[in-house]
Novice: 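Quick one: the structure is below, questions incoming.
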Amino acid sequence: MTVAPDGWLTYDVARQERVGFFTDTSICIGCKACEVACKEWNAIPEDGRDWTGYSYDNTVQLDANSWRHVAFVEQEKPVRADGDGGTSLRWLMESDVCKHCTHAACLDVCPTGALFRTEFGTVVVQQDVCNGCGYCVSACPFGVLDKRHLAPAPDLPAFAKEDGRVWKCTLCYDRLKGGHEPACAKACPTESIQFGPLDELRERADARLAKLEAEGADGAQLYGRDPEDGVGGFGAFFLLLDDPEVYGLPPDPVVTTRDLPEMWTNMLAAAGALVVGVAAAFVGGRS
Amino acid sequence: MPGLGTSFGRGGATTFQQDLQDSDCIVIMGSNMAENHPVGFQWVMEARERGAKVIHVDPRFTRTSAMATKHVGIRAGSDIAFLGGVANYILEHDLWFREYVEHYTNGPVIIDDEFADTEELDGLFSGWDPEKREYDVESWMYEGMELHGAAGQREQGFRPTKGEASHGGHGGGLRHGEPPAEDRSMEHPRCVLQLLKHHYARYTPEFVAETCGCSVSDFVEVCETLAANSGRERTSAFCYAVGWTQHTVGVQTIRSAAVVQQLLGNIGRPGGGILALRGHASIQGSTDIPTLYNILPGYIPMPHTESYGDLERYIESNTSPTGWWGHFRAYFVSLMKAYFGENANAENEFLFGALPRIDDDNSVYWTLERMLEGRVKGYIVAGENPAVGHANGKANRLGLSRLEWLVVRDVVEIESASFWYDGPEIDSGELKTEEIATEVFFLPASTHTEKDGSFTNTQRLLQWHWQAVEPKEDARSELWFYFHLGRLIKQKLEDSDAERDRLIKALRWDYPTHSAIQEPSAEAVLQEVNGWEIGSGKFLSGYPELRDDGSTLCGCWIYCGCFKDGVNQTARRKPHWEQETRVAPEWAWAWPANRRLIYNRASADPDGNPWSERKRYVWWDASHGEWTGLDVPDFQADKEPGYVPPDDAKAEDAIAGGHPFIMQADGRAWLYVPQGLEDGPLPTHYEPHESPFDNPLYSQRANPRRQQTDDLAEDPYNPVADDPGADVYPYIVTTYRLTEHHTAGGMTRSVPYLAELQPEMFCEVHPDLAREVGLEHGGWATIYTSRAAIEARVLVTARMRPARRKDGRPVHQVGLPYHWGSHGLVTGDSANDLAHLALDPNVHIQEVKAFTCGVRPGRRPRGGELPRFVAELREQARSRRVQEPRVEPEQARRT
Amino acid sequence: MTERGLRSYYGRPVLKEPTWTWEVPTYFFTGGLAGASSVLSTSARLAGNERLARTALYVGAAADLVSPALLVSDLGRPERFHHMLRVFKVTSPMNVGSWVLLVSGGASITAAVLERAGRLKPLEVLAETVATLAGPPLTTYTGVLVADTAVPVWHEARRELPWIFGASAAASAGAAASVFLRPEDARPARRLAVAGVLAEGALMQLMELRLGTTGEVYRQGAAGKFSWAAKGLATAGAALLARRAGRSRTALALGGALVCAGEMCLRWAVFKAGAQSARDPKYVVEPQRERVEQRLARSRGGT
Amino acid sequence: MPLSKLLESWPALRQLREGDLLGLGKAAQSPRSQRLRPRIDDADHVVPSICPYCAVGCGQLVYVKDGDVQHIEGDPASPISRGRLCPKGQASKSYAQSPLREYRVKYRRPYGAEWEELALDDAMEMIADRIIRTRADTWETRTDDGKPANRTMAIGNLGGATLDNEENYLIKKLMTALGIVQVENQARI
């Protein structure tokens, strides 16, 4: 175990092995089974029936009503190195999800404790606690967290109603407690989404990257695997075939609270200055 | 499909999905497997990760192409040119598996000297009759072998069976299963292999590149990869789907893959084979136990009006003296016993005389034509949506509007039930609700969770599903509907003495029912399908136990064994991790005889030893004197490799120990099909019925035998090739499915989670086409043919590549998913409205994978403007054509 | 379909825009006003300026009264406002702020009430002392509140924002008090207001400078409008307070009002700038991509 | 709840008691989260099934609660699908419970402008009568050129590829006995 995710050690005996996702986009066929499996299990409302023209992506983003999102990127680039030739097309598909950061800004800034670190090392919003302050929404460097505003859909289904709370992937917290793997990972036809103990996943990912590089895949990279990165590594990390921003991901995310101590001191200094300033207003002769 | 049936003896996929993981090369063609069979595709990915080559040959760059190690883009409708090219390359460069071809195929067989090839007759085979527009197949026979049953019987109404009914096995007159004339050296100019060489000689890489619009190097790479991954040590597999079948040359396209796989020796071997990917849960089952006009369960031909009232003649003309079809009488008689019980007996010819007779074609589109003429009064539609899912949707909807009564059974209200108030023709004014006489009954159906039953999946596997919950309110299974409908009708006709009611009164129709709604027992039906010995009531364990004296009963001989030992074999669910081999024989039950990879005797060499250690599967165990291996041997277990049939041998005993294709009269796979196909013994490149191209090989442009609806007002055709007026419809259009939806959308446009994933009808076009006609990404396009015009959102993408003419001019291809209709959570125009009704002659399947269209920017006209818009363009095209009409050789030349 | 220019996913934002509505920037103003007023009031009392002391006390109490109301109404689930006090989290400026607001608000309101009633003097003194201690953090923590997010234009300004908010709070406290005072009692308040405006102006310049490209959002869209308005109003108000308000009661009131309006606009400018910088992927991707490239360059240099 | 209990359960105090000073973990966990369990764990029974969409034939497990389908997911035991499902198969519960699902017979009389209600039994009677009548009116004992026909060409039956083998068997058996030969299904299409 490299860096322990914040808050996880507090479970001492009740603590479980830290689990997560390794999403290997090099074998993602873009079927969206993960999106549907997630919605079926978590009974997530519909997210609108708008056609976007973003290739085959009509989900567009992770939000309160889509906790898995398959991105589609069409490129005119060489195909897989081992099968190069005829066509210059490349169609990237990536199933995005909450990263369950080791140092999670959403978790840190949540004022109510609605967001908490589970015994599995994951980050979950407790719907019985969240009061919809929205702080986590601005804190997340990936734009994952989102407040649910829903007008009931005109032609059903009835499960849509104004909600006001913040929702995101729970890594199927309830399923984990029952010893089942998360719905998306279970559904994935090609095991592009792999679930398991994080350490194991990291080893698997390293091997996978090595294989691809041996095959000459250029641009392939692990995203969020490194415990030294700005968020201490992801609990749900990725193998990408191009730079993160191509998939709509930040290339170098940093947990905002890393600078919090500095900010607090800074804020106290400013407060002090205010007192001095006010006092100064009473000093000196009349003008 | 007769494509596989005539080549190998059975119409089913030759292998099973899991076996793909052992392939060294997988060619996916005519299929978008990753999108339409995502979970099956995991086995392709397994193979890829083990270093196998995955080649996708397809007009579009799809999610399958994205996963392939190689994608070759070709022009829609040029598959036979490509595959013929592969065959030619293999033969030219001597890359074929000589030993396999010599022993296991009819390559050495010498063909009648009357036979003339398309190369001689400019695109027609010998025997063409321009009046009838069909072939007399006599000259296609093996030398020294007259057409089976020909002896004085033709004038008495004998007809060779065709389509699904043709078992390929009917080359009669074979003494002990051996063709009269063979040349093992395969040098004889009229032996099949030489004919093949001659037939494909002009399919050079350059020809392929020109015709298919791919590069020579890409094509050669495919050939080399295939050859390098075939032979003793390695095997290659083909996967196809309706991208091959839905053409006027559909069956012949599959045949060309059969030819390639035979030449490479990839049939009946692990990691090899041809995997037909079916699109519906039980589409294989619905041909095995057919809801098709021309066959009875187990591919037994329906009696034909030409075959008179005589059982003997019917039996004789469908019995092959050699091979397993030698027991035809037993299969048929046992079926009649299952249908009519004691009412069918030897005295009354098992009621054969009373059975209804068919004509050459009573298929769905033939019915549609009669519907449009008002000659069909009543129609029952159960779990299908012709208003959206069938070619020329408008014709289908008009047809429904001319019925007296219509019953639609489905889970949601589909367009075929709602056409009378929200169909496109209501909006266009072509139909007025108050003028539609059709009486419509909509009956809610049950889902798979609400009934017991078995599906037969794409690999011939019967899998049982249990009822989980009771259907609500009026929702009922089809089992319930048809059982109680039959019960009511029998009741009402009890006292009738009309001759026409003889059969229905004689019908065995006593199934136990359960639960409050009196659901019939699906298991009881399955037991009847399996069959039992009438005397003892003992369940049969396989079709060899069937007898022709009426002492056994069996509802579908090829399914015999699915209830072996009184156990529902299809309900077996032993986890794969508890089974010894990846073949997992204890999961459900596969026909025939629970064999997962059929013709598997071919996985061993003629002497019965594995071709190689790496590819061992089934082999001869001399010590125990039996065939053994990972799977149930598809061969008589104790027939040794050296077995030579005595002259008087009949049926399976007439198949030598070295011939793995036991359903065929000669035990061989057929490179050349002397009988059973309508449009030729060898696959030949013909242009699609509607195509912007002329046939580069022959003056015969399209399949001469294709079925056309020449004088059907509802089905006008676009001018083709360089005909005047063709420029009105200058583009190629191809239709397809998306992962997120299922066929006509009844099962997915009604599901919120799926509707939101692909919410709108769209078309896929290349940036150049977008520029050419002024289409805007995200905007709207109107796509039109002489039948209809539809609108779709525009998705501009380089994944949609243009085909090229000789002179390099691009011919653009338009991609259209066909899931949308006027009813559902998400609605839109139906791509099938654009399609025509020219059909494949063997199976009467429509050509929706390649036809022509025009494209304009913007939304289509509304209301009455729409039909006017379509008619104006049609007239524009026609008026130009009438000046110099084109005469197709098929209409003029006799061969 | 091919990539060109900035690499992003169909130009979609990487971040979600803040979900906060009008109540939040308004609270930044009232909270700051409340905190600074407590300090001003106490200082005045010590300096013997009773009128100023009382006025500032009442102003602060009033601001402390509306602040929580604003925060509650911004919640998605207002009935759960008390969950803010469910935990104590130093990692959450909003949680810490809630506690501070509770203390300072409670204290200043108590003090005001007792002042009016003229009873329990010792308790009032205690309350005032508490409010005075809680006041300063209340004025500056909001700077941390916004800085402690992934919003580029906020987080990158983490060093300036608390100071800006502090200065702005001081200015508004002085200005607000001025509105209710006679010139002879208002001098310290005027000074405070003017000083605050000057300080905040300088700090804003510094911030935009340090923000570099990202700072441009302060010159664009709504944020641009608000920051111009802020500068204009505050400067005008300050000028009035400095030059005329010594003699004219009207000028004093007007100047005070203008400065307050200016400070309110300033909070809105910062608020809007945040949304704008979150909306455009380039403010997220470009700086991060630079960091990555530099790191790569370094590691290459290293080897 | 007595004040003491309330205080006890107050996370702010649990932070100190349970050594979760930052309040990021255990102390912040709500009672509901503590008790949380997967709903399929209290299903009344689990029924093995097969996906109704394409012909891959994926294994499914149908979880039933109070006579309703509670959840459907892949059956890991299947050698074909190994527990995996595509988006359609994964949505098959939503399909079985589609908001557009029909549970009542609907009847449209000739020239009618509206659907009408009709009892299932009456519908069955009416359909049986129409088959019998149409059949009688259009029966062909022989073809025009005198060959045996024993059929009616005025009735057709369409569908089967999405149905069970047992259902197809009854369809073909009944239609054949009725002399209805125009029996077709999607296998053509």
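In what follows, chains carry the letters A, B, and so on, assigned in the order in which the sequence lines appear, proteins first and then strands, with residues in each chain numbered from 1.
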Novice: Show the numbers, then the answer: is there a side chain to side chain contact (heavy atoms under 4.5 Å, CB included) between A:Tyr56 and B:Leu738?
Specialist: CA-CA 10 Å; A:Tyr56 279 8; B:Leu738 304 164; 3.8 Å; yes

Novice: How close do B:Glu49 and A:Ile27 get, heavy atom to heavy atom, and via which atoms?
Specialist: OE2-CG2, 3.8 Å

Novice: Roughly how far apart are A:Thr190 OG1 and B:Phe41 CZ, rounded to 0.5 Å?
Specialist: 9.0 Å

Novice: Do you know which of B:Val44, B:Thr62, B:Val54 has the most heavy-atom pairs under 4.5 Å to chain A?
Specialist: B:Thr62

Novice: Shortest non-hydrogen contact from B:Gly778 to A:Trp51?
Specialist: CA-CZ3, 3.8 Å

Novice: Examine whether an atom of A:Cys28 lies under 4.5 Å from a heavy atom of chain B, and if so say whether it belongs to the side chain, the backbone or both; otherwise answer neither.
Specialist: backbone

Novice: Is it the backbone or the side chain of B:Val39 that comes under 4.5 Å from a heavy atom of chain A, or both, or neither?
Specialist: both

Novice: What distance do B:Arg48 atom CZ and A:Ser26 atom OG have between them, rounded to the nearest 0.5 Å?
Specialist: 6.5 Å

Novice: Please state whether the side chain, the backbone, both or neither of B:Leu754 comes within less than 4.5 Å of a heavy atom of chain A.
Specialist: side chain

Novice: Decide yes or no for A:Asn58 and B:Pro759: does some side-chain heavy atom of the first lie under 4.5 Å from some side-chain heavy atom of the second?
Specialist: yes

Novice: Heavy atoms, side chains only, cut-off 4.5 Å: are B:Phe61 and A:Arg90 in contact?
Specialist: no

Novice: For the atom pair CZ (B:Arg63) and CZ (A:Phe72), what is the distance rounded to the nearest 0.5 Å?
Specialist: 4.5 Å

Novice: As an exercise, state the distance from CG of A:Asp50 to CD of B:Glu760, rounded to the nearest 0.5 Å.
Specialist: 8.5 Å

Novice: Any idea which heavy atoms bring A:Pro189 and B:Gln42 closest together, and the distance?
Specialist: O-CB, 3.1 Å

Novice: Please check if the number of heavy atoms outside B:Glu776 that lie under 6.0 Å from its CD is greater than 12.
Specialist: no

Novice: Please find the pair of heavy atoms, one from B:Ala66 and one from A:Met93, that lie closest to each other, and give the distance.
Specialist: CB-CE, 4.0 Å

Novice: Pick whichever of B:Leu757, B:Thr64, B:Thr739 has the most heavy-atom pairs under 4.5 Å with chain A.
Specialist: B:Leu757

Novice: Let's go through B:Glu756 and A:Lys32 carefully: what are the C-alpha distance in whole Å and the side-chain angles of both, what is the deciding distance for salt bridge (charged side-chain N to carboxylate O under 4.0 Å, His left out) to 0.1 Å, and is it a yes or a no?
Specialist: CA-CA 11 Å; B:Glu756 69 180 341; A:Lys32 307 180 192 172; over 6 Å; no

Novice: When rounded to the nearest 0.5 angstrom, what is the spacing between CG in A:Asp47 and OH in B:Tyr753?
Specialist: 10.5 Å

Novice: Tell me, for A:Glu191 versus chain B, whether the close heavy atoms (under 4.5 Å) come from the side chain, the backbone, both or neither.
Specialist: neither

Novice: Which atoms of B:Val794 are under 4.5 Å from chain A, going by heavy atoms: the side chain, the backbone, both sets, or neither?
Specialist: backbone

Novice: So which part of B:Arg799 gets closer than 4.5 Å to some heavy atom of chain A, the side chain, the backbone, both or neither?
Specialist: both

Novice: Check each atom of B:Glu35 against the heavy atoms of chain A and say whether the ones under 4.5 Å are side chain, backbone, both or neither.
Specialist: side chain

Novice: Would you mind checking which part of B:Glu46 comes under 4.5 Å of any heavy atom in chain A, side chain (CB onward), backbone (N, CA, C, O), both or neither?
Specialist: neither

